K.L.:
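After the structure tokens below, expect a handful of questions from me.
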Amino acid sequence: EVQLVESGGGLVQSGGSLRLSCSASGFTFSSYAMHWVRQAPGKGLEYVSTLSSNGVKTYYADSVKGRFTVSRDNSKNTLYLQMSSLRPEDTAVYYCVKEMGIAGFDYWGQGTLVTVSS
Amino acid sequence: QTVVTQEPSLTVSPGGTVTLTCASSTGAVTSTYYPNWFQQKPGQAPRPLIYSTSNKHSWTPARFSGSLLGGKAALTLSGVQPEDEADYYCLIYYGGGRVFGGGTKVTVL
């Protein structure tokens, strides 16, 4: 059974930093690209970032480019999102998502809440 | 900045049919944009329904179908059930990055 478990969320002040983790199990983690998606309270889904299976290719939404860094440790089956220079508008539930190849996303974690106070 | 547009809300009667669409500010949506559709209910993580335009996941009910319609990606719900009331999001692939649509709230009434 595929499982994605996010952790590391919490309350942080504006300008601060936070690192999210996503622990994966139930599939060959090193074979799949992974993504981060967020959802602000009461708002829609927003794509954040993608990391290729080998950790070489990265993509970021314009809203986080230069402030967020995605990485992975395939030996630990873990995806990370390092967030810095956080802003109140980064307040959201952050989801870790598995890619099923270029065709799309299949499995989602339950999310971790990040709250940025001003 | 690329914008993906969906209807904000739609209402459908139980047993009826409704079609949601997903348009790209860059032009017509084609199969090379690999449109995906997700369903989200309050307090839950999104649930994937459709990938690569029209392919269903193993858990996707048969009443959901995806297609391309008039230059847009489309999700059709046929024989709507009360439990289909939810928010629906499309996702478009843009050469590496992705963009979500703003979501459509489907009310079953």
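Only heavy atoms go into these numbers, but all of them, side chains included; no hydrogens, no water, no symmetry mates. Predicted model only: the values in this text are computed from it and were never measured. Order of the sequence lines sets the chain letters (A, B, ...), proteins ahead of strands, with each chain counted from 1.
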K.L.:
Should we say atom NZ of B:Lys41 is surrounded by more than 12 heavy atoms from elsewhere, each under 6.0 Å from it?
P.N.:
yes
K.L.:
Do A:Leu45 and B:Leu20 belong to the same hydrophobic cluster, where Ile, Leu, Val, Met, Phe, Trp and Tyr are linked whenever their side-chain heavy atoms lie under 4.5 Å apart, directly or via other members?
P.N.:
no
K.L.:
Nearest 0.5 angstrom please: B:Asn36 CG to A:Met100 CE, how far?
P.N.:
8.0 Å
K.L.:
Under 4.5 Å heavy-atom distance to chain B, tell me which part of A:Lys57 shows up: side chain, backbone, both or neither.
P.N.:
neither
K.L.:
Grab the two heavy atoms, one from B:Ala45 and one from A:Trp108, that are nearest each other, plus how far apart they are.
P.N.:
CB-CB, 4.5 Å
K.L.:
Flag yes if more than 12 heavy atoms outside A:Lys98 fall under 6.0 Å of its NZ atom; otherwise flag no.
P.N.:
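Yes, enclosed.
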K.L.:
Taking every heavy-atom pair that is under 4.5 Å apart, which of B:Gly101, B:Gly97, B:Pro42 has the most such pairs with chain A?
P.N.:
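So the answer, after comparing B:Gly101, B:Gly97, B:Pro42, is B:Gly97.
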K.L.:
Are more than 12 heavy atoms, taken from residues, nucleotides or ligands other than A:Tyr32, located less than 6.0 Å from that residue's OH atom?
P.N.:
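Result for OH/A:Tyr32: open.
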K.L.:
Heavy-atom cut-off 4.5 Å, strictly under: side chain, backbone, both or neither for A:Tyr95 against chain B?
P.N.:
side chain
K.L.:
Are B:Leu49 and B:Val108 in one and the same hydrophobic cluster, where Ile, Leu, Val, Met, Phe, Trp and Tyr link if side-chain heavy atoms are under 4.5 Å apart?
P.N.:
yes
K.L.:
Which atoms of A:Val37 come close to chain B, meaning under 4.5 Å heavy atom to heavy atom: side chain ones, backbone ones, both, or neither?
P.N.:
side chain
K.L.:
May I ask you to test the A:Gln39-B:Tyr89 pair for a side-chain heavy-atom distance under 4.5 Å?
P.N.:
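Yes, their side chains come closer than 4.5 Å.
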K.L.:
Select, from B:Tyr93, B:Trp59, B:Tyr34, B:Phe100, the one with the greatest count of heavy-atom pairs under 4.5 Å involving chain A.
P.N.:
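If we count pairs closer than 4.5 Å to chain A, B:Phe100 comes out on top.
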K.L.:
Could you walk me through whether A:Asp106 and B:Tyr51 pass the side chain to side chain contact (heavy atoms under 4.5 Å, CB included) check?
P.N.:
CA-CA 8 Å; A:Asp106 50 8; B:Tyr51 65 95; over 6 Å; no
K.L.:
Please work out whether the ring planes of B:Phe38 and A:Phe105 are parallel, tilted or perpendicular, with thresholds of 30° and 60°.
P.N.:
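Aromatic pair B:Phe38/A:Phe105 classed tilted.
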K.L.:
Of the backbone (N, CA, C, O) and the side chain (C-beta and beyond), which part of B:Gln40 lies under 4.5 Å from a heavy atom of chain A, both, or neither?
P.N.:
side chain
K.L.:
So with a 6.0 Å cut-off around CD of B:Gln81, is the heavy-atom count from everything else above 12?
P.N.:
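More than 12 heavy atoms, drawn from other residues, nucleotides or ligands, come within 6.0 Å of this atom.
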K.L.:
Is there a chain of hydrophobic side chains (I, L, V, M, F, W, Y, each step under 4.5 Å between heavy atoms) that links A:Leu51 to A:Tyr80?
P.N.:
no
K.L.:
If we define contacts as heavy-atom pairs under 4.5 Å, which of A:Ala33, A:Gly44, A:Gly109, A:Ser52 has the most with chain B?
P.N.:
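Result: the option with the highest number of such pairs is A:Gly44.
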K.L.:
With a 4.5 angstrom heavy-atom cut-off, could you sort out which part of A:Tyr47 is near chain B: side chain, backbone, both or neither?
P.N.:
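Both the backbone and the side chain of A:Tyr47 come within 4.5 Å of chain B.
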K.L.:
For B:Gln1, does the CD atom sit with more than 12 other heavy atoms under 6.0 Å from it, leaving out its own atoms?
P.N.:
no
K.L.:
According to a 4.5 Å side-chain heavy-atom criterion applied to Ile, Leu, Val, Met, Phe, Trp and Tyr, with indirect links allowed, do A:Tyr60 and A:Leu20 form part of one hydrophobic cluster?
P.N.:
yes
K.L.:
Does the pair A:Glu46/B:Arg98 count as a salt bridge with the N-to-O cut at 4.0 Å?
P.N.:
no
